[in-house]
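Notes to accompany the following structure.
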Amino acid sequence: MSELFLPQELIRKKRDGITLSDPEIGFLVQGISDGSLTDAQLGAFAMAVFKCGMSMDERVDLTRHMMNSGDTLQWSQLQLDGPVVDKHSTGGVGDKISLMLAPIVAACGGYVPMISGRGLGHTGGTLDKLESIPGYNGTPNNSKFQSLVKEVGCAIIGQTANLAPADQRFYATRDVTATVESIDLITASILSKKLASGLDALVMDIKTGNGAFAADYKMAQELAQSIANVSSQSGVPTSCLITDMNQVLGHSVGNATEVSECLDFLVNPKDANTRLLNLTIELAAYMLQLSGLEKDLDAARKKSEEALYSGKAASIFGKMIFELGGPIDLLETPFKHLPPMPVISSVKSQSSGYISKIDVRAVGLSMIHLKAGRTKSTDPIDHGVGLSEIVSVGQWIEKGDPLAMAHCRDNDQLSYLDKTLPSLINLSENQTKNPVLIHEVLSSTVDSSHE
């Protein structure tokens with residue numbers, strides 16, 4: 001059937017706002033995968049979609065064909081005794097929730113095959129954080145990955161080359177053709193990878209605010225609704241939480257610094273950052289409720305809290321780390337495996353007042369400047385550099401009080417943070433209310449029976 005189609009004619013149709021059929025979209029995705037669609041044609045198609053948009057059926061078809069461009073995980077042969085459920089975040093500064101969330105849900109009877117990315121731009125990557133743990137192997141083969149999910153209950157790994165390969169080429173093209181910010185293409189990109197994992201349910205954390213990709217609230221709403229609709233029409237019930245990213249999530253930024261905060265969170269949840277704790281439990285509750293492990297959110301919250309406070313989630317996390325090549329005693333002796341940096345010092349406030357606003361994006365960019373993040377996918381990163389004990393909006397501080405603790409390689413890095421960080425944190429004489437953590441929750445508004 002492919003000989004009936006010409007790429008330039010399909011690009012012309014989309015350029016003119018005409019809806020593409022399922023076979024036409026399938027032809028284009030096949031061309032992305034096998035290289036018969038040139039870079040120029042792919043860029044032109046991306047721009048046509050960016051300008052003209054896609055219908056809901058087109059989004060579903062594009063997602064499905066991209067999902068099927070490589071491996072798809074099947075779980076039936078493993079005879080799991082619970083649902084396969086996952087969470088995906090659009091990324092934020094200090095967003096380390098996956099590391100605690102996966103073992104909490106696993107402790108409640110779910111199976112969590114979490115395939116995570118590396119950081120790019122001002123947001124950190126879950127895989128980068130985990131790779132600050134010595135020996136951690138985030139790239140096992142599919143067989144090892146699936147057996148680990150069955151045995152432990154969860155595994156957090158990186159995307160393999162065979163998972164939605166069409167998306168990998170398409171995203172690389174979008175990145176250099178100014179077509180990343182398309183709701184249609186973002187939806188297909190995220191869901192083609194997630195749905196290839198063979199999920200029974202999915203929860204999305206859509207970040208909004210000055211530290212988020214979707215800084216504009218309207219864009220966050222549109223993306224959340226699109227993902228909920230397309231995923232549900234693809235047979236996977238999905239809820240999307242729109243959450244705040246106007247301050248660092250938790251109190252640390254970096255890689256090893258965030259892992260340290262996660263270990264503290266799992267071992268001593270009573271002392272955890274309130275916003276980090278509340279959002280982790282809420283996301284876990286939605287995963288349990290949506291996947292059928294609990295009937296309502298109140299029961300799901302209670303079950304999630306029990307999994308955390310009993311220490312069961314911490315035990316599962318430790319086992320996952322060990323099974324993927326990390327140390328067996330990470331939870332017991334974290335400092336042995338995450339050694340302190342040569343220079344650890346406070347960055348002091350230059351005045352007194354209430355924290356009124358934090359330029360979270362710029363905080364993330366400051367980490368890139370110190371090589372804790374990357375500007376292109378091939379950049380190496382320094383896992384040890386970071387910030388901890390970062391102040392929160394609404395908090396009062398005196399002149400000379402710490403805004404954060406800096407973890408640096410040398411005094412030049414510390415000088416940079418001493419100069420930069422105070423300018424990113426605004427103070428006020430009047431107390432500012434802490435931003436709302438969860439703005440709203442969206443689910444599908446369309447019939448999910450479409451396959």
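Applying the 6.0 Å contact sphere to NZ of Lys357 captures no more than 12 heavy atoms from other residues, nucleotides or ligands. More than 12 heavy-atom neighbours from other residues, nucleotides or ligands sit within 6.0 angstrom of CD1 on Ile344. Annotation: Gln79, atom CD; neighbour count of heavy atoms from other residues, nucleotides and ligands within 6.0 Å does not exceed 12.
Atom CD of Glu222 and atom OG1 of Thr187 lie 10.0 Å apart (nearest 0.5 Å). The structure places CD of Gln350 at 9.5 Å from CG of Leu427, a figure rounded to the nearest 0.5 Å. With rounding to the nearest 0.5 Å, the separation of CD1 in Ile157 from OG1 in Thr126 is 12.5 Å. With rounding to the nearest 0.5 Å, the separation of OG in Ser252 from NZ in Lys96 is 4.0 Å. Atoms CD1 and CD, from Ile425 and Gln395 in turn, are 9.5 Å apart once rounded to the nearest 0.5 Å. To the nearest 0.5 Å, the span separating CG on Asp167 from OG on Ser189 amounts to 3.5 Å.
Between the side chains of Glu440 and Gln221, at least one donor N or O lies within less than 3.5 Å of an accepting N or O. Between the side chains of Asn255 and Asp128, not a single donor N or O lies within less than 3.5 Å of an accepting N or O. Checked by atom type, the side-chain pair Ser234/Arg64 shows no donor-acceptor distance below 3.5 Å. With hydrogens and angles left out, the side-chain atoms of Tyr111 and Asp200 include no donor and acceptor closer than 3.5 Å. Using modelled atom types and a 3.5 Å distance limit, the side chains of Ser310 and Lys312 yield no donor-acceptor pair. No side-chain N or O of Thr432 forms a donor-acceptor pair with one of Asn430 less than 3.5 Å apart.
In this structure, Ile156 and Tyr136 have side chains that are in contact, with non-hydrogen atoms separated by less than 4.5 Å. When side chains are defined from C-beta on, Tyr416 counts as touching Ser366, because their heavy atoms get closer than 4.5 Å. Counting heavy atoms from C-beta outward, Ser197 and Val84 have side chains that stay 4.5 Å or more apart. At a threshold of 4.5 Å between non-hydrogen side-chain atoms, the residues Trp75 and Lys150 do not count as touching. Taking the side chain as every heavy atom from C-beta outward, Asn273 and Glu261 approach each other to under 4.5 Å. Side-chain contact between Lys194 and Val236 is absent, with no heavy-atom pair separated by less than 4.5 Å.
For Arg59 against Ile183, the heavy-atom pair with the smallest separation is NH1-CG2, 3.9 Å. The minimum heavy-atom distance between Ser232 and Pro237, with the atom names listed, is OG-CA, 4.2 Å. Nearest heavy atom pair, residue Val112 against residue Ala106, reads CG2-N, 4.3 Å.
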What's the verdict on salt bridge (charged side-chain N to carboxylate O under 4.0 Å, His left out) for Asp205 and Lys87, showing C-alpha distance, side-chain angles and the deciding distance? CA-CA 7 Å; Asp205 182 0; Lys87 180 272 304 185; 5.2 Å; no

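Legend: residues meeting side chain to side chain donor-acceptor pair (under 3.5 Å) with Asn411, ordered by chain and number and at least two apart, are absent.
Here the rule is side chain to side chain contact (heavy atoms under 4.5 Å, CB included) with Val441, and of Val203, Leu241, Thr243 only Leu241 fits it. Just one residue in the list Val360, Leu365, Leu249 forms a side chain to side chain contact (heavy atoms under 4.5 Å, CB included) with Val93, and that residue is Val360.
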